[in-house]
Novice: 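Take a look at this one; I'll ask things after.
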Amino acid sequence: MASPQELSDFLAQVERRAFKQTAYAVRDDHAALDIVQDAMMKLSEKYPDRPVTEYPMLFQRILQNTMKDYWRRQKVRNLWTTLFSSFGRGNEDDDADPLEILGGDPDNDTDQPEAELQRSQTMAIIEAAIAKLPARQREAFILRYWEDMDVAETAATMGCSEGSVKTHCSRAVHTLASALERYGFSKPPL
Amino acid sequence: MKTERETAKEIVSLLDESSAKLDREVLDRLYAARMKAVGNLAAHKQAASANGADGRGHVLRLFGSYLQQHRLLMPAVMIASAAVVAFIVTQQMVNQPPIEQGDAFLLGAELPPEAFLDKGFDTWVARTSQR
């Protein structure tokens, strides 16, 4: 049974990654914050008696389900919007070009060192590429490599086979590496 | 040639760096959300310890927790239960067989049941009452 302090430590450890992960998926920072908050509340409400060792998988599962609920609501909302409005346009962010994102901060061109600029450019490309990944690939990549789950845990969290996890991860890494190469970055500057 | 895992690690290090540079507003909201969740857990623990401090009340606590989680469902369940009970009682009152009513009449009467089977009984009663 986890104590409030243990829950606090766990959430402090994962909240930033959870927010970024959700923001990549829903492409809306405010919605991402709401989703992460919902997931935190559900974890504390529904699983207060679970040991803290189970929290990473439980939290990820709750987070994924909360995202799916958000998409379902969005789908219904979009349906009504389409029905009642002829002005419906797609989300312009879908077509965002990473190169446009790179030009978003002019200060970097003048004030920051070249290495810092290149690093932030690489980061922007990676983030844009992650946001464009198919949902399952993104989910598998983030759980497997960012949350550092093993293949079995990732499969259990995603509700699919271990083979599917490996396939999704491989494709995601290949796509992200290709995105970097496309913009002239042979590898992330580490 | 880097392996998939090496490439992934390099990408993840960039993502870590990106998540470390979140806006103050986002960090504040995450902190508030975390405190809310922790407060919720603390309240749950406090209620749990109050209910079962000496090892008693575990069943009630479990039941109470279930009720709390499904509190929106409970009014509907109670209304449905009341409707079922009302239906059963109504059926019992309306469809009570006449034979049972007859039995009750015979058992409640002062005369023995054989008296009601005698064909001359009604005549005898009429004649006796005329006197």
Side-chain angles (χ1 to χ4, degrees), chain A residues 1-12 15-21 23-24 29-30 32-34 36-49 119-120 122-127 129-130 141-142 144-148 166 169-170 172-174 176-177 180 187-190, chain B residues 1-53 55 57-59 61-73:
Chain A
M1 185 182 284
S3 68
Q5 185 58 46
E6 285 173 326
L7 176 68
S8 178
D9 292 344
F10 166 74
L11 292 177
E15 65 188 11
R16 292 177 182 225
R17 291 200 303 274
F19 166 71
K20 291 296 284 186
Q21 173 187 352
Y24 294 143
D29 284 0
H30 292 290
L33 282 167
D34 289 342
V36 172
Q37 179 173 326
D38 281 355
M40 286 179 176
M41 287 303 290
K42 283 176 187 168
L43 182 69
S44 67
E45 277 175 7
K46 309 243 181 213
Y47 303 100
D49 299 328
R119 195 167 181 81
S120 65
T122 310
M123 217 181 287
I125 290 169
I126 287 292
E127 290 195 322
I130 285 180
F141 175 83
I142 286 175
R144 176 82 180 87
Y145 293 118
W146 207 9
E147 294 298 330
D148 210 21
K166 289 176 186 169
C169 285
S170 176
V173 171
H174 179 77
L176 295 174
L180 284 173
K187 64 174 184 176
L190 298 172
Chain B
M1 188 70 180
K2 284 185 290 189
T3 64
E4 177 188 314
R5 186 158 190 84
E6 287 170 342
T7 307
K9 279 191 171 180
E10 290 176 351
I11 292 169
V12 161
S13 75
L14 285 168
L15 294 178
D16 280 335
E17 194 175 323
S18 169
S19 66
K21 292 178 179 172
L22 292 176
D23 292 342
R24 172 51 52 191
E25 185 190 352
V26 172
L27 292 175
D28 288 345
R29 277 201 61 185
L30 288 174
Y31 176 77
R34 190 198 329 153
M35 287 299 106
K36 202 172 171 185
V38 170
N40 191 39
L41 181 69
H44 177 87
K45 298 273 181 194
Q46 201 171 6
S49 63
N51 286 340
H58 285 183
V59 173
R61 188 176 61 194
L62 193 68
F63 194 58
S65 172
Y66 179 83
L67 288 180
Q68 191 181 7
Q69 285 180 11
H70 299 84
R71 57 187 176 277
L72 293 176
L73 198 63

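Computation of the quantities below employed the complete heavy-atom set of this structure, encompassing side-chain atoms and omitting hydrogens, waters and symmetry-equivalent molecules. Numbered from 1 within each chain, the chains take letters A, B, ... in sequence-line order.
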Novice: Kindly give the heavy-atom pair with the smallest separation between B:V38 and A:L7, and that separation in Å.
Specialist: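 Smallest heavy-atom distance, with atoms named: CA-CD2, 4.0 Å.
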Novice: Check for a donor-acceptor pair, side chain of A:K20 on one end and backbone N or O of B:D16 on the other, with a separation under 3.5 Å.
Specialist: no
Novice: Answer with side chain, backbone, both or neither: which region of A:A12 has an atom nearer than 4.5 Å to a non-hydrogen atom of chain B?
Specialist: both
Novice: A:Y47: which residues meet the side-chain hydrogen bond (donor to acceptor under 3.5 Å, both in side chains) condition with it, sequence neighbours left out?
Specialist: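 Testing A:Y47 for side-chain hydrogen bond (donor to acceptor under 3.5 Å, both in side chains), a comparison that skips the adjacent residues, returns none.
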Novice: Answer with side chain, backbone, both or neither: which region of A:Y145 has an atom nearer than 4.5 Å to a non-hydrogen atom of chain B?
Specialist: both
Novice: Below 4.5 Å from any heavy atom of chain B, which atoms of A:E127 appear? Answer side chain, backbone, both or neither.
Specialist: side chain
Novice: Identify the heavy atoms of A:E15 and B:L30 that sit nearest to each other, and give their distance.
Specialist: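 Answer, listing the atom of A:E15 first, then B:L30: OE1-O, 3.5 Å.
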Novice: So do the side chains of A:F141 and B:V12 get within less than 4.5 Å of each other, counting heavy atoms only?
Specialist: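 They are in contact (side-chain heavy atoms under 4.5 Å apart), so the answer is yes.
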Novice: Side chains of A:S44 and B:H44: closer than 4.5 Å at any heavy-atom pair?
Specialist: no
Novice: Flag the one option from B:M35, B:K21, B:E17 with the top tally of heavy-atom pairs under 4.5 Å to chain A.
Specialist: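 Going by pairs under 4.5 Å, I would pick B:E17.
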Novice: Got a second to check how far A:L180's CG is from B:L14's CG, nearest 0.5 Å?
Specialist: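 Those atoms lie 8.0 Å apart.
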Novice: Heavy atoms only: give me the nearest A:D148-B:R5 pair and the separation to one decimal.
Specialist: OD1-NH2, 3.9 Å
Novice: So, do A:H30 and B:R29 sit near enough that their side-chain heavy atoms are less than 4.5 Å apart?
Specialist: yes
Novice: When heavy-atom pairs shorter than 4.5 Å are enumerated against chain B, which of A:S3, A:A23, A:S8 gives the highest number?
Specialist: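 Highest number of pairs under 4.5 Å: A:S8.
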Novice: Measuring heavy-atom distances to chain B, does A:I130 have an atom under 4.5 Å in its side chain, in its backbone, in both, or in neither?
Specialist: side chain
Novice: How many angstroms lie between atom CD1 of B:I11 and atom CG of A:L176, to the nearest 0.5 angstrom?
Specialist: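 These two atoms lie 4.5 Å from each other.
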Novice: Could you report the tightest heavy-atom contact between A:P48 and B:K45, atom names first, then the distance?
Specialist: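 Looks like O-NZ, 3.3 Å.
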Novice: Heavy-atom distance under 4.5 Å to chain B: side chain of A:D9, backbone, both or neither?
Specialist: neither
Novice: Would you mind reporting whether B:K36 and A:M40 have side-chain heavy atoms less than 4.5 Å apart?
Specialist: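 The answer is no; the side chains never approach within 4.5 Å.
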